[in-house]
Amino acid sequence: MDISTPFPIDAKSGSSRPATYKGLPLALTKQSAPSITPVDGVIGVVCVGMSNANQECARLLAAIGTGGPWAAEVSPAVRPVNCAVGSHAIERWIDPAFDEMLWDACLNTRLPARGLRRDQVRVILHKAANQFGIGAGGVALPHYPAPGSNFAVFERNLRAFSTRVKPAFPNVQAVYTSSRSYGGYTARPERGEPQAYEEGHALNRWLAANPQVDGVWHGWWAYLWAPDCSVGVRNGGGVCYERSDFVNDAVHPSASGEIKIARLMHERLLQEAWYRR
């Protein structure tokens, strides 16, 4: 069965599970686990991305920090830093015009504030998404597989981002990437469906073709996309989304949405030996 209705890429098998989406496989690209080693007893972990990433990483870091509910599950070597910045999605992270407020601010301000050196950064956690998704005349980019689709643009942006990681963090060993959660509650075409869903497929295909860039491992972080709970389908992490999981703009997560997403992020990282206690 091949359908054009979004369905979680990582959903468990079952009678209602389609085989593909527009010919794209419904199976997450898998790589062998990366080798992550501490530097002077520290594994620096840096979150990057836009406002959603900033919120979700802040929630994750609070939960794994001292006194947090998940702190006892995480290796004491892990030292995370939230370098995500609101209104600055992947297009800004690949544009040198924004380096001062993104890469440079992370390196020169946020890392030192956490007592972390540049050479200790071993892992990047990237919540990736196209910021614009808008073409000429303010019209939303077409859907996959149309020429010039948002899918194709996102793949190009992922490639450009991957080449910027090593110059910023020479000792980095792995980049874990997630895409958007759910866009079905917003009327904004560049944030809505199926754009949010198809960016997950674009990331999945890009990772399959690029398990390593400049000697750095690239693979999935958490798969966050899931439909409205009323559909009766959950993703592989057991999640679906309610309208209450988003604030008024229907794009940014509410407290409940942050908790759902942070838990998925944490549970994915618990699969990695370097992260878990």
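Cys83 has its SG atom at least 2.5 Å from the SG atom of Cys47.
In this structure, Gln212 and His218 have side chains that are not in contact, with every pair of non-hydrogen atoms separated by 4.5 Å or more. Counting heavy atoms from C-beta outward, Ile94 and Phe161 have side chains that approach closer than 4.5 Å.
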Review item, side-chain donor-acceptor pairs of residues 230-241, under 3.5 Å, at least two apart:
| from | atom 1 | to | atom 2 | distance (Å) |
| --- | --- | --- | --- | --- |
| Ser230 | OG | Asp228 | OD1 | 2.9 |
| Arg234 | NH1 | Gly238 | O | 2.9 |
| Asn235 | OD1 | Gly237 | N | 2.9 |
| Asn235 | OD1 | Gly238 | N | 3.3 |
| Asn235 | OD1 | Val239 | N | 3.0 |
| Asn235 | ND2 | Trp225 | O | 3.2 |
| Tyr241 | OH | Leu224 | O | 2.7 |

Identify every side-chain donor-acceptor pair in residues 164-171 under 3.5 Å, counting partners at least two apart or on other chains, and give the distances.
| from | atom 1 | to | atom 2 | distance (Å) |
| --- | --- | --- | --- | --- |
| Arg164 | NH1 | Trp93 | O | 3.3 |
| Arg164 | NH1 | Asp99 | OD1 | 2.8 |
| Arg164 | NH2 | Asp99 | OD1 | 3.4 |
| Arg164 | NH2 | Asp99 | OD2 | 2.8 |
| Lys166 | NZ | Pro170 | O | 3.0 |
| Asn171 | ND2 | Asp119 | O | 3.0 |

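By the neighbour-count criterion of 12 heavy atoms within 6.0 Å, atom CD of Gln271 is densely surrounded, having more than that number from other residues, nucleotides or ligands.
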Self-check item: Arg122/Val172 under side chain to side chain contact (heavy atoms under 4.5 Å, CB included): CA gap, chis, key distance, verdict
Solution: CA-CA 4 Å; Arg122 294 302 226 173; Val172 71; 5.9 Å; no
Practice problem: Kindly indicate, with the supporting measurements, whether the criterion side chain to side chain donor-acceptor pair (under 3.5 Å) is fulfilled by Gln55 and Glu258. | Solution: CA-CA 7 Å; Gln55 289 179 245; Glu258 289 174 5; 2.8 Å; yes
Quiz item: After noting the C-alpha distance and the side-chain angles of Arg117 and Asp40, does the key distance pass the salt bridge (Lys or Arg N to Asp or Glu O under 4.0 Å) rule?
Solution: CA-CA 10 Å; Arg117 303 193 310 263; Asp40 295 333; 2.7 Å; yes
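Between the OG atom of Ser87 and the CZ atom of Arg92 there is a distance of 7.5 Å, given to the nearest 0.5 Å. Summarising the geometry, atom NE2 belonging to His88 is positioned 12.0 Å from atom CG belonging to Asn54; distances are rounded to the nearest 0.5 Å. Taking CZ of Arg59 as the reference point, atom CG of Asn82 lies at 13.0 Å (rounded to 0.5 Å).
Aromatic ring centroids of Phe246 and His252 lie 6.0 Å or more apart. Here Trp70 and Tyr275 keep their ring centres 6.0 angstrom or further from each other. Aromatic pair Tyr176/Trp217: ring centres closer than 6.0 Å.
Side-chain atoms of His201 never come within 3.5 Å of backbone atoms of Glu199 as a donor-acceptor pair (strictly under, hydrogens ignored).
With Glu56 as the fixed residue, the salt bridge (charged side-chain N to carboxylate O under 4.0 Å, His left out) test singles out one of Lys127, Lys260, Arg263: Lys127.
One finds a salt bridge joining Arg205 and Glu155 here, because a Lys/Arg side-chain nitrogen approaches an Asp/Glu carboxylate oxygen to under 4.0 Å.
When all heavy atoms of Cys106 and Val46 are compared, the pair lying nearest together is SG-CG1, 3.7 Å.
Classified by interplanar angle (parallel below 30°, tilted 30° to 60°, perpendicular above 60°), the ring pair Tyr21/Tyr197 is perpendicular.
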